[in-house]
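Data first, discussion second: the structure below is written as structure tokens.
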There are 2 protein chains.
Amino acid sequence: MKNTTPHRVPVKGLTTVLKILSEPNRLRILNGMGLECVPVSAIIAKTGLSQTNVSFHLRILREAGLVKGEKRGAFIYYCLYDTGLLEILANLADWLASNVPTPNPAGPPHG
Amino acid sequence: MKNTTPHRVPVKGLTTVLKILSEPNRLRILNGMGLECVPVSAIIAKTGLSQTNVSFHLRILREAGLVKGEKRGAFIYYCLYDTGLLEILANLADWLASNVPTPNPAGPPHG
DNA sequence: GGCTCATATGTGTATTTACGCATATTAAGG
DNA sequence: CCTTAATATGCGTAAATACACATATGAGCC
């Protein structure tokens with residue numbers, strides 16, 4: 001039997017994370033992170049964003065549970081809990097590249 | 001050699017899709033879709049959203065290449081190109097459930 | 001051609017939000 | 001204790017956007 005809705009994802013909570021990830025600078029910050037924690041200043045340097053802005057985005061990422069920040073002296077070191085999220089994002093990017101060929105205003109050909 | 005940034009995803013384009021997906025009603029619409037095309041009225045009925053709003057979101061989804069809409073008489077039938085995106089979203093939801101235990105304002109314990 | 005149904009589009013609005021500036025907090029060093 | 005460095009926070013603002021209302025387009029029917 002064929003199901004019209006093959007996959008079901010919980011909308012609540014998922015959209016929250018998607019919204020967080022949908023901000024380019026936030027994604028850049030996350031993307032530049034690994035399992036090895038780095039101080040905020042490193043993220044500022046790497047991204048070229050203002051201190052205020054990086055702190056702003058890091059707070060959002062941290063409160064969402066996407067990154068962790070451990071305190072070392074006056075520094076706060078941020079890193080990922082695990083790389084699972086980046087893997088999923090890589091999958092999404094891959095799917096995008098294969099299935100959504102540079103969307104034009106009219107959308108892909110109807111067929 | 002250890003890499004601090006284990007995965008690299010293209011930020012541009014990816015954030016666009018993430019932003020589109022981050023809207024709850026849009027995700028609901030997409031989530032309610034399958035490979036079998038249904039008229040807009042069905043989506044309106046299923047979601048309980050206004051006609052204007054459904055049309056608004058469908059346009060965004062269509063222009064992004066995430067859904068296709070084929071015309072049949074006065075009706076326009078919408079459906080997915082493939083279920084890959086929903087699978088990825090299911091993976092994300094799964095990862096979320098396993099790794100982000102109901103984020104509180106302070107974020108998960110620092111470890 | 002006029003009528004009606006299905007869907008799209010134009011306009012206005014209220015909410016969200018990313019960002020910078022200024023300032024507060026917290027830690028190390030003299 | 002005062003200074004300096006690292007990070008966070010309060011406030012104001014400009015831009016994005018989800019939504020409703022009204023209207024336009026387009027197909028089928030008499």
Side-chain angles (χ1 to χ4, degrees), chain A residues 11-12 14-33 37-64 66-79 103-107 110, chain B residues 11-33 37-64 66-79 104-107 110:
Chain A
V11 173
K12 175 72 174 174
L14 185 52
T15 51
T16 304
V17 177
L18 288 171
K19 194 163 207 173
I20 289 174
L21 297 174
S22 70
E23 217 290 316
N25 288 329
R26 216 140 49 203
L27 188 57
R28 245 188 292 270
I29 290 175
L30 205 78
N31 197 29
M33 275 193 198
C37 293
V38 296
V40 177
S41 52
I43 300 173
I44 294 173
K46 188 175 224 168
T47 59
L49 300 174
S50 73
Q51 183 265 321
T52 302
N53 203 16
V54 169
S55 193
F56 170 72
H57 286 307
L58 279 178
R59 163 141 88 150
I60 294 174
L61 290 171
R62 172 167 40 83
E63 288 182 351
L66 301 183
V67 305
K68 69 177 167 186
E70 30 184 74
K71 210 165 190 176
R72 290 198 210 177
F75 294 73
I76 301 181
Y77 283 66
Y78 279 92
C79 56
N104 50 42
H110 295 177
Chain B
V11 172
K12 174 71 177 175
L14 185 53
T15 52
T16 304
V17 178
L18 288 170
K19 194 163 209 174
I20 290 175
L21 298 174
S22 70
E23 216 290 317
N25 288 330
R26 217 140 47 203
L27 187 56
R28 221 168 276 139
I29 290 174
L30 205 78
N31 197 30
M33 274 192 198
C37 294
V38 296
V40 178
S41 53
I43 301 173
I44 293 173
K46 187 175 224 169
T47 59
L49 299 175
S50 74
Q51 183 266 321
T52 303
N53 202 16
V54 168
S55 192
F56 170 71
H57 287 307
L58 279 178
R59 163 142 87 153
I60 293 173
L61 290 170
R62 172 168 38 85
E63 287 182 352
L66 301 183
V67 306
K68 70 176 164 185
E70 31 184 75
K71 209 164 189 175
R72 290 200 210 175
F75 293 73
I76 301 179
Y77 282 66
Y78 279 92
C79 56
N104 51 43
H110 295 178

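In the text below, chain A, chain B and the rest are named by the order of the sequence lines, each starting its count at 1. Remember, predicted model here, so these are calculated numbers, not experimental data. These numbers come from the heavy atoms of this one structure, side chains and all, not from hydrogens, waters or symmetry mates.
Looking at B:Val67 and B:His57, their side chains never come closer than 4.5 Å, going by heavy atoms from C-beta outward.
A:Arg72 comes within contact range of no nucleotide atom at all, as no heavy-atom separation falls under 4.0 Å. Using a 4.0 Å heavy-atom distance criterion, A:Ser55 is classed as a base contact. Using a 4.0 Å heavy-atom distance criterion, A:Ser50 is classed as a sugar-phosphate-only contact. At the heavy-atom level, B:Tyr77 lies nowhere under 4.0 Å from the strands shown.
A distance of 11.5 Å separates NZ of A:Lys68 from CE of A:Met33, quoted to the nearest 0.5 Å. Taking CG from A:Leu49 and CD1 from A:Ile29, the interatomic distance works out to 5.5 Å, rounded to the nearest 0.5 Å. Atom SG of B:Cys37 and atom CD1 of B:Ile76 lie 11.5 Å apart (nearest 0.5 Å).
Distance from the side chain of B:Lys71 is smallest for D:dG26 among the nucleotides D:dA8, C:dA8, D:dG26. Between C:dT9, C:dT7, D:dA18, one nucleotide has an atom nearer to the side chain of B:Asn53 than all others, and that is D:dA18. Closest contact between the side chain of A:Val40 and the listed nucleotides C:dA8, D:dA20, D:dT7 involves D:dT7. Checked against D:dG26, D:dT9, D:dT7, the side chain of A:Pro39 finds its nearest nucleotide in D:dT7.
Side-chain nitrogen and oxygen atoms of B:His57 include none within less than 4.0 Å of the OP1 or OP2 phosphate oxygen of D:dT17. Distances shown here put a side-chain N or O of B:Ser41 below 4.0 Å from the OP1 or OP2 atom of C:dT7. Taking 4.0 angstrom as the limit, A:Tyr78 places a side-chain polar atom (N or O) nearer than this to OP1 or OP2 of D:dA8.
Atom CD1 of A:Ile76 is separated from atom P of D:dT7 by 7 Å (rounded to the nearest Å). Whole-Å rounding puts the B:Glu63 CD to D:dT17 C1' distance at 15 Å. Rounding to whole angstrom units, CZ of residue A:Phe75 and P of C:dG29 are separated by 11 Å. The nearest whole Å value for the distance from the CD1 atom in A:Ile43 to the C1' atom in D:dA6 is 13 Å. Taking atom CD on B:Glu70 and atom C1' on C:dT7, their separation rounds to 16 Å, with Å as the unit. As rounded to whole Å, 13 Å separates atom C1' of C:dA18 from atom CG of A:Leu61. When rounded to the nearest whole Å, the span between CD1 of A:Ile60 and C1' of D:dT9 equals 13 Å. One interatomic measurement links the two molecules: CZ of B:Phe56 to C1' of D:dT17, which rounds to 6 Å at whole-angstrom precision.
Smallest separation of non-hydrogen atoms from B:Phe75 and B:Pro39: CD2-CB, 3.8 Å. Scanning all heavy atoms of the two residues, the minimum distance from A:Thr15 to B:Leu21 falls at CG2-O, 4.1 Å.
For DNA chain C, the residues of residues 17-25 of chain A within the heavy-atom distance limit of 4.0 Å (strictly under) are A:Lys19, A:Glu23, A:Asn25, sorted by number.
Judged by atom type and distance alone, A:Gln51 does not reach the base of D:dA6 through any side-chain donor-acceptor pair under 3.5 Å.
For B:Ser55, the side chain to side chain contact (heavy atoms under 4.5 Å, CB included) criterion is met by B:Gln51, not counting sequence neighbours.
DNA chain D is contacted by both A:Arg59 and A:Ala74; A:Ala74 maps to the nucleotide lying nearer its 5′ end (nearest heavy atom per residue).
A:Asn25 and A:Arg28 share a side-chain donor-acceptor pair at under 3.5 Å.
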